[in-house]
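Below you'll find the structure, written out as structure tokens, and then a few comments.
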Amino acid sequence: MPTQIWTVKKLLLWTTGYFTQHGIPNPRLDAEVLLSHLLEKSRLQLYLDFDMPIFQEHLTPFREFIKKRIARTPVSYLTNRKEFMSLDFYVDERVLIPRPETEQLVETALTAGSEVSLEGASTLRALDLGTGSGVIAISLAVQRPESDIIATDISEEALAVAQKNAETHNCTEHITFLKGDLFEPVTARHFDWILCNPPYIKSAERDTLSADVRDREPEIALFAGDEGLAVIRRLIAEAPDYLVPNGKLIFEIGDTQAAEVCSLLEAQPAYRTYELLKDYAQKERIVLASI
Ligand SMILES: C[S@@+](CC[C@H](N)C(=O)[O-])C[C@H]1O[C@@H](n2cnc3c(N)ncnc32)[C@H](O)[C@@H]1O
């Protein structure tokens, strides 16, 4: 970054050009998000303060952000923030960065929830498998404070992030975090909902992923064997044992997996009905199955 008197406007212009030269996909947006984070201003405020000078105390950390972004560290790992269901979550390299498709999973659960029979119980009992940063469990606890949620993950490091987010959103009383392989740490068998955003990328697709994802996000959160179905197969097979009658299994799949997932559901007689819901890009990404 050349030596000169920098203003918000000049810095954004220069950084956008530099990110563009280095093939960063959303150069202007990334520059704005990083600068607004450092200056603790909204992106709109940056535009209102276009001519504000930027001094060394902010230039030094901004330079570090630029270096790391060029080295493909995702913006959310630099700012340690990601918005999900209008809530602010802490994220770092220990967890997958939550994706917008997963908001649809939570919205599907909240809509389907009005039909769930609580069998006389007033508490909604939910299980979130592979909770990562805790976004699914925590959004649910915030939206449905009467919930009693178990959230699991095979990664102890991910659970530490989820716990931190649960504390931030004041819902530790409603969520129990357990470490283990899928259903292994779960003893209760009375869930109204089982929710899961599993790893579902095929090992062979590794080279098709952007470096931001492939080299920075946790492997265990992304890959699921040769067909990408290693976790989904077990989820479909085991979930009926943990659901109450009329309980729902709601999970996310990859955008090419719909046909295989339908075959797996049809081969499992415990499911009475299922449907596949499309994401905003019209791809079938969310499965809602009832027993
Ligand atoms: C795709 S990420 C989803 C994280 C979070 N639920 C979200 O939607 O952002 C999958 C998560 O499942 C966890 N995971 C992978 N295999 C698992 C297994 N066999 N048992 C439990 N958790 C697993 C990973 O550690 C990761 O946190």
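Atoms within a ligand are numbered from 1 in the order they appear, just like the ligands themselves.
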Original post:
Is a salt bridge present between Asp192 and Arg125, judged by a nitrogen-to-oxygen distance below 4.0 Å?
Top reply: yes
Please say whether [X] places an N or O atom under 3.5 Å from an N or O atom belonging to ligand 1.
X: Ile154; answer: yes
X: Pro198; answer: no
X: Ile97; answer: no
X: Thr152; answer: no

Original post:
So between Leu96, Thr131, Val91, whose heavy atom ends up nearest atom 5 (C) of ligand 1?
Top reply: Thr131
Subject >> Nearest option to atom 25 (O) of ligand 1, as decided by whichever heavy atom of Asp153, Val161, Leu178, Leu235 sits closest >> reply: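 Looking at heavy atoms only, the winner is Asp153.
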Taking only heavy atoms of [X] into account, list the atoms of ligand 1 that are under 4.0 Å away from them.
X: Gly180; result: 20 (N), 21 (C)
X: Val135; result: 7 (C), 9 (O)
X: Thr102; result: 8 (O)
X: Asp181; result: 18 (C), 19 (N), 20 (N)

Nearest-neighbour protein heavy atom for [atom], which is reported as residue plus atom name and distance:
atom: atom 3 (C) of ligand 1; result: Asn197 O, 3.2 Å
atom: atom 4 (C) of ligand 1; result: Gly130 O, 3.5 Å
atom: atom 15 (C) of ligand 1; result: Ile220 O, 3.3 Å
atom: atom 1 (C) of ligand 1; result: Ala221 O, 3.0 Å
atom: atom 20 (N) of ligand 1; result: Leu182 N, 2.7 Å

Subject >> Side chain proximity check, Leu105 to Leu195, heavy atoms < 4.5 angstrom >> reply: yes
Original post:
Does NZ or CZ of Lys82 lie under 6.0 Å from the centre of the six-membered ring of Phe89, at an angle within 45° of the ring axis?
Top reply: no
Original post:
Is it the case that Arg206 places NZ or CZ above or below the six-membered ring of Phe223, under 6.0 angstrom from the centre and within 45 degrees of the axis?
Top reply: yes
Original post:
So Trp14 and Tyr18, would you call those rings parallel, tilted or perpendicular, with 30° and 60° as cut-offs?
Top reply: parallel
Original post:
What class does the angle between the rings of Phe183 and Tyr242 fall in, given that below 30° is parallel, 30 to 60° is tilted and above 60° is perpendicular?
Top reply: parallel
**OP:** Could you give me the CA-CA distance, side-chain angles and deciding distance for Arg72 and Asp215, then say whether salt bridge (Lys or Arg N to Asp or Glu O under 4.0 Å) is met?
**Re:** CA-CA 8 Å; Arg72 301 295 173 178; Asp215 302 339; over 6 Å; no
**OP:** Verify, without hydrogens or angle tests, whether His169 (side chain) and Asp88 (backbone) share a donor-acceptor contact under 3.5 angstrom.
**Re:** yes
Original post:
When you look at Thr168 and Asn165, which way does the side chain to side chain donor-acceptor pair (under 3.5 Å) test go after all the steps?
Top reply: CA-CA 5 Å; Thr168 303; Asn165 280 318; 4.8 Å; no
Original post:
Closest approach of Leu34 and Val75, non-hydrogen atoms and distance?
Top reply: CD2-CG1, 4.1 Å
